[in-house]
Participant: 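Okay, here's the structure, questions in a sec.
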Amino acid sequence: MALIARSSSRRWGSLVAAALFALALAGPASPGSAAVDEGAAAGEALPELQTAPADATNADGLETLVSDYRTRVPTAYTTESWAPFAEALTTATDVVEDGSASESEVADAKTELQTAAAELEVLQSTFATITNNTFWRDTAGNPIYSQGGGVFKFGDTYYWYGVHYRGAESYLANPTQKYDNQVSFVSIPVYSSQDLVNWKFENRVATTSTSLGSLGGTMGNAGWIGRLGVAYNENTGKYVLPVQMWHPTQDHGVLFLQGNSPTGAFTFGAFQKQVVNSPTTGTGDQTVFTDEDGQDYLIFSNREGRSRAFVSKLRSSDSLYAEPAVEIGRNSSGREGNAMFKLDGTYHMCASDLHGWNTSVNYCLDSTQGRVQGDYTDYYTMPGTQMDYSHVTQTGFFITVEGTVRDTVIYAGDRWADFAWNGIGYNQWVPITKEGTGIRFHSMSQWQFNATTGEFRVAPGNNYILNPDIQADRIIVSNVVGWTRTGSGGVTNVNGGANGSRFALQVNNGSGVRQQMQVPAGTYTLGLYAKGSGRVTVTGADGTVHTLNVPSSSGWTKRELTGIALPAGTAAVTVTGGSGNLIADQFSLVRQGGGTDPGQATRYEGEGSGATCTGTIDTNHSGYSGTGFCNGDNTDSAFAEFTVQASAAGTATVRLRYANGGTTDRPGDLIVNGTRVETTPFASTGAWNTWTDRTVTVQLREGANTLRWDPTTAGGLPNIDYIDVAPAT
Ligand code: GCU
Ligand code: CA
């Protein structure tokens, strides 16, 4: 209590100082700054300052940590892990309250508090969903602007630092074009998270007005700020942020900023133009890697040519200097986006092709003796990155999560609007796991991660098609990455994709492409945007072919085939051009039904024992599920009826799959337990082997229920394949 009271008065003091400083900076009043000043006088500017404590001294930084860690509650953790944490927190609190504590006492208290916090074992953990190919937002709903940085764990919290460039705002506003050279520096934001999915904006640790200290001027004078990491130095108790800087009068080099807490303001620490052993000043690309023993390293390539990969130890005393570098790999073509992780005792340094934010496989080197600055293998391509050029990214950074069940590495890939026109920053995250003696990249558009156990699983919205937007290729190609050619005719990616995207796929008449993927058993929907004409099929592991005919259209048209029943195993999506050639984009193959368990819906086949079909069970039209379908007699008295079991009364979603190869509708009344629910229109599907589905919500009672479709016209019903019944979510 005493701490909180005293702490707020101290915070108030530093706020006032910060506000005065801000006013001094504003200089002669312009109409704009006058308005800001009035706001500050009325107290309106204070909330932002309160979330951005200056942490001017090391003791202030410790106080910030203490007040954060005081929000932890013992009931959330195991008693064994809580005890040492509570002790470290008490010690740290005493150090904060003892105004005369030495710098080293403060540093030790920080280290001990964070070490104990890192050991906290949560009692309950959950999976959270990571959705790629979207702009990520923070917990307040604002866009996350974080390029060229990294995620670092201090204590029990992950902190994400990166660069906010002006071009990111342009790209968010209109992602259908390139923004060359829009890399002007805005700030270095920091976000915090416990689960690596929900990110809270904390502060801008550096801005254009951050002083360059003895160099003169501010970060706003730099021509380039980018590629950074953050290291905690146990000796000084400070957080050190090395970042590339190019400055019109200072040359290329590594700028070291430092802060007293992970989220406070960072200030000038040092500027190092040359790392010994690197052939040029500055660095090509760089990241920070923290080893298990807490030692931090700068991972980088040389600036000109980027052919050599280096590991340089950050000086132990203060981390403000990169020691002579050890070269760990060489490739004459150049590699950039260099980043390192350690998994199961082996260090892996991975990097991308050298071509300016375009997508790339990941080229990796593995340590051969388990030493970070020891010998490494030659470059090899990381398995799983070839099919879609690393989920259409360039190497960004890695986060190693030591889980209670397994260790998982998260690959954070970079997309950027400059050059590549595929923007949206460092938000393409996929898991990497150990596989055999090597590692594997699991490209997914949506997945779920448990940051405590380290486990991951495919999320319900995952698109099983890789490179679905024909985006991985940065130039016009005739072999589109991820897709294998099936015919002898022309295949290419063409400019002008659907919905303003960059590229689409073109398959000429008779030619085609195919992609194979592993799918869990379930019912899927195939979707795409198409122009021209052709056909897309999905072939299940059982050999069943599900066909989506794409009729001719001159403009982009959304095409969809639902109710595709696929057994677990290898499925293939085949795209074939028709007489007008087919231009297609934004393919998707997504499991239907929601929920994390794909087996939630219960299927009742039209030919099944619980069904009545006034007609015949036929097999002459492909694409049906099970052993046949119900071909009702062509009369208004022929019906199809299903008996459905419900474990509890409630709302259920019923999805009926049918084909109507006739030219007219075959409407039927849906009667549930004797009560009419709707008249299902059963429009023509164009062919008897073109199946589609109708979803309707019904009320079921506990136990047996009857669902019957009664045709309302003399044509009778369409052919009926099955119904899937799932409790409504
Ligand atoms: C065709 C078709 C049948 C269908 C019937 C109909 O005979 O092959 O599957 O049921 O038309 O019009 O109902
Ligand atoms: Ca019929």
Side-chain angles (χ1 to χ4, degrees), residues 523-526 533-540 542-552 559-567 574 576 578 592 601 603-644 654-672 676-696 698 706-725:
T523 305
Y524 290 76
T525 296
L526 170 75
S533 68
R535 185 173 76 243
V536 184
T537 60
V538 182
T539 309
D542 58 355
T544 305
V545 181
H546 308 264
T547 303
L548 173 60
N549 285 309
V550 179
S552 182
R559 305 288 179 188
E560 206 172 64
L561 181 65
T562 56
I564 302 169
L566 296 176
T574 308
T576 310
Q592 293 173 354
R603 176 157 305 174
Y604 300 87
E605 295 282 358
E607 71 277 16
S609 57
T612 307
C613 169
T614 334
T616 55
I617 302 300
D618 291 355
T619 57
N620 57 333
H621 302 302
S622 63
Y624 55 84
S625 134
T627 57
F629 55 87
C630 168
N631 166 4
D633 296 337
N634 297 81
T635 150
D636 63 4
S637 61
F639 60 88
E641 186 177 276
F642 297 84
T643 302
V644 165
V654 175
R655 202 163 47 75
L656 169 107
R657 188 158 185 261
Y658 72 95
N660 177 2
T663 52
T664 54
D665 290 6
R666 300 260 179 110
D669 284 339
L670 167 58
I671 315 287
V672 176
R676 182 182 159 280
V677 171
E678 69 159 14
T679 301
T680 310
F682 294 128
S684 170
T685 59
W688 290 108
N689 60 6
T690 301
W691 299 88
T692 190
D693 51 40
R694 167 79 177 183
T695 301
V696 43
V698 301
T706 57
L707 275 70
R708 191 176 77 233
W709 274 270
D710 274 346
T712 61
T713 66
L717 290 175
N719 290 343
I720 289 182
D721 191 9
Y722 61 77
I723 59 171
D724 272 344
V725 182

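We count ligands from 1, going down the list as the structure has it; atoms in each ligand are counted the same way.
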Participant: Of all the atoms in ligand 1, which lie at a distance below 4.0 Å from a heavy atom belonging to N719?
Facilitator: 3 (C), 4 (C), 9 (O), 10 (O)
Participant: Over all heavy atoms of both residues, which pair between D721 and E607 is shortest? Give the atoms and the distance, please.
Facilitator: O-OE1, 3.8 Å
Participant: Take a 6.0 Å sphere around CZ of R559 and say whether it holds more than 12 heavy atoms from other residues, nucleotides or ligands.
Facilitator: yes
Participant: Check whether the side chains of E678 and T680 place a donor and an acceptor atom closer than 3.5 Å, and report yes or no.
Facilitator: yes
Participant: So if I count the atoms of ligand 1 from 1 in the order they appear, which ones are less than 4.0 Å from some heavy atom of H621?
Facilitator: 2 (C), 3 (C), 8 (O), 9 (O)
Participant: As an exercise, identify every atom of ligand 1 less than 4.0 angstrom from a heavy atom of R666.
Facilitator: 6 (C), 12 (O), 13 (O)
Participant: State the atoms of ligand 1, each with its element, that fall below the 4.0 Å cut-off from a heavy-atom position in N631.
Facilitator: 3 (C), 9 (O), 10 (O)
Participant: Return a yes/no value for D618: is any of its N or O atoms, backbone included, closer than 3.5 angstrom to an N or O of ligand 1?
Facilitator: no
Participant: I'd like to know if the side chain of T616 pairs up with that of D618 as donor and acceptor (distance under 3.5 Å, no hydrogens or angles considered).
Facilitator: yes
Participant: Check whether any side-chain heavy atom of T619 lies under 4.5 Å from a side-chain heavy atom of T627, and answer yes or no.
Facilitator: no
